[in-house]
Every structure is written in C-alpha cells, then in structure tokens.
Amino acid sequence: MKYLLETHLLIWAVTGDKKLPADTAALISDTENTLLFSVLSLWEIALKRGLNRKDFLYDARLVRQSLLNNGYEELSILSQHVIAVDALPPIHKDPFDRLLVAQAIVEGVELLTADATVAQYPGARSAALS
C-alpha cells in the first residue's frame, strides 16, 4: 500500500516523538508499504519554523534527508495537484492540508493524518493518537 504522510506525522516519525500513533508507526515499519512525503510538507516546516512555531522548530533540510535515508519517496507538487484543490469540499480551510488531500487523491494513495477534520476527506485516514 502507498501512504502519503501529513506534516505532523512526518515530524513525529523523524524525531521519534511519542505523539506518533502506534498504528501509524506500524504502517511505517511495514516494509511492504511505500511511504511518501510531499515537498509541500517541507515548505510548511520551513515557513512555520521561520515564524517560530514551537511545533515546527525543525530544519527542513534535515527532515528531508532523514526521510530519504529512511526510504520515503519525495512527491513533487504538480499542476494537477493544485487544480484538484478546486474540487474539494470546504471541510478544512488550511491550504497546506487541502493540497495534501488533493495530492493523495490525484496520486491514488491514502493520506495519513493526525487531524480528524482532514480525515473526513475521501482517501484520508485518521492516525488515531496514542
């Protein structure tokens, strides 16, 4: 199975944070799964780190390198992803989350998210917090 992880889950996976839900950790450790991260998540980390958000105080370069070193595949933002945002229902307003949902739909992969609101979109799965 292919999974796109949203930004908080990526940060928790890279840092070994105990906030990473056990079911998500199990999916990550299953070598049969293909794990994806969006360049959008790196942009979000860099942008919010610059704003001194306490939950984003990570170097996007190091996060990227760690993800690549751990077998994640990088997903670029394509015009199809951006256009697909227009078809999404207005469940969530955050532009980062909406584009992640659109990417997952266009790519035909499941989006893993820690945000219960985002999980209401088709193709998204809630990562229940441990």
Side-chain angles (χ1 to χ4, degrees):
M1 186 84 177
K2 283 190 171 188
Y3 297 101
L4 173 62
L5 278 72
E6 60 96 25
T7 309
H8 280 100
L9 294 177
L10 291 172
I11 290 171
W12 298 339
V14 166
T15 62
D17 195 305
K18 292 179 183 179
K19 291 179 191 170
L20 184 68
D23 61 338
T24 303
L27 290 172
I28 289 171
S29 64
D30 184 343
T31 58
E32 295 295 314
N33 293 327
T34 301
L35 304 173
L36 306 171
F37 70 94
S38 175
V39 297
L40 177 69
S41 290
L42 298 176
W43 181 28
E44 182 177 17
I45 292 167
L47 181 70
K48 292 181 178 178
R49 179 183 186 197
L51 297 172
N52 292 316
R53 283 262 312 257
K54 291 183 181 186
D55 52 342
F56 286 91
L57 296 179
Y58 305 97
D59 185 325
R61 291 177 237 17
L62 297 177
V63 170
R64 178 182 182 269
Q65 194 58 58
S66 179
L67 291 168
L68 292 172
N69 289 346
N70 285 289
Y72 287 73
E73 295 178 10
E74 186 173 272
L75 178 60
S76 296
I77 300 171
L78 305 175
S79 58
Q80 298 96 308
H81 301 148
V82 174
I83 293 167
V85 170
D86 187 46
L88 294 177
I91 296 170
H92 202 285
K93 293 182 181 184
D94 183 281
F96 291 105
D97 290 327
R98 290 178 59 80
L99 187 48
L100 285 172
V101 169
Q103 283 187 296
I105 291 169
V106 169
E107 297 299 322
V109 301
E110 191 166 38
L111 175 65
L112 297 179
T113 179
D115 186 322
T117 304
V118 173
Q120 294 175 34
Y121 283 102
R125 178 199 272 190
S126 176
L129 297 178
S130 308

What's the separation between atom CG in Leu67 and atom CG in Leu10, rounded to the nearest 0.5 Å? 5.5 Å
Rounded to the nearest 0.5 Å, what's the gap from CD on Glu44 to CG on Leu99? Could you check? 10.5 Å
Is Leu100 close to Phe37 at the side-chain level, that is, under 4.5 Å between some pair of heavy atoms? no
Do Trp43 and Lys48 have side chains that get closer than 4.5 Å, going by heavy atoms? no
Applying a strict under-4.5 Å side-chain criterion to I, L, V, M, F, W and Y, I'd like to know whether Val63 and Ile77 cluster together. no
Test of understanding: clusters of I, L, V, M, F, W, Y form through side-chain heavy atoms closer than 4.5 Å, transitively. Do Val39 and Leu9 belong to the same one? no
The test is side-chain contact (heavy atoms from CB on, under 4.5 Å); show your working for Asn69 and Gln65 and say whether it passes. CA-CA 6 Å; Asn69 289 346; Gln65 194 58 58; 2.9 Å; yes
How long is the gap from CG on Leu4 to OH on Tyr72, to the nearest 0.5 Å? 11.0 Å
Within the 4.5 Å heavy-atom criterion, are Tyr3 and Val109 side-chain neighbours or not? no
Here the pair of heavy atoms bringing Ser126 nearest to Asp23 is O-OD2, 4.4 Å
For Arg64 and Glu74, run side-chain contact (heavy atoms from CB on, under 4.5 Å): C-alpha distance rounded to whole Å, both residues' side-chain angles, the deciding distance at 0.1 Å, then the answer. CA-CA 9 Å; Arg64 178 182 182 269; Glu74 186 173 272; 2.7 Å; yes
Evaluation steps, side-chain contact (heavy atoms from CB on, under 4.5 Å), between Leu78 and Val106: CA-CA 10 Å; Leu78 305 175; Val106 169; over 6 Å; no
same_hphob_cluster(Leu51, Ile45) at 4.5 Å side-chain heavy-atom cutoff: no
Without swapping roles, check the side chain of Tyr58 against the backbone of Arg49 for a donor-acceptor pair under 3.5 Å. no
Flag the pair Glu107 and Lys2 as a salt bridge only when some basic side-chain nitrogen lies within less than 4.0 angstrom of an acidic carboxylate oxygen. no
How far does CD1 of Ile105 sit from CG of Leu88, to the nearest 0.5 angstrom? 5.0 Å
Could you pull out the closest heavy-atom pair between His92 and Asp97, with the gap in Å? CE1-OD2, 3.2 Å
Taking every heavy atom of Leu20 against every heavy atom of Ala13, the minimum-distance pair comes out as CD2-CA, 4.1 Å
Looking at every heavy atom in both Glu73 and Thr34, which two are closest together, and how far apart are they? OE2-CG2, 3.5 Å
From Asp115 CG over to Thr7 OG1, what is the distance, rounded to the nearest 0.5 angstrom? 11.0 Å
Has Ser66 got a side-chain atom pairing as donor or acceptor with Leu62's backbone, closer than 3.5 angstrom? no
Mind listing the closest non-hydrogen atom pair of Asp59 and Arg61 along with its distance? OD1-N, 2.8 Å
In terms of hydrophobic clusters joined by side-chain contacts under 4.5 Å, are Leu75 and Ile83 together? no
Tell me, do Lys18 and Trp12 make a side-chain contact under 4.5 Å, heavy atoms counted? no
Any donor-acceptor pair under 3.5 Å from Gln103 side chain to Ser76 backbone: yes
Walk me through whether Leu5 and Thr113 qualify under side-chain contact (heavy atoms from CB on, under 4.5 Å). CA-CA 7 Å; Leu5 278 72; Thr113 179; over 6 Å; no
Closest non-hydrogen atoms of Val118 and Val101, given as atom of the first, atom of the second and distance, are CG1-CG2, 3.7 Å
Quick one: NZ on Lys19 to OG1 on Thr24, what's the gap to the nearest 0.5 Å? 14.5 Å
Main-chain N/O of Arg125 paired to Glu110 side chain as donor or acceptor, under 3.5 Å: no
With a 4.5 Å cut-off on side-chain heavy-atom distances among I, L, V, M, F, W and Y, is there a chain of contacts connecting Leu40 to Ile11? no
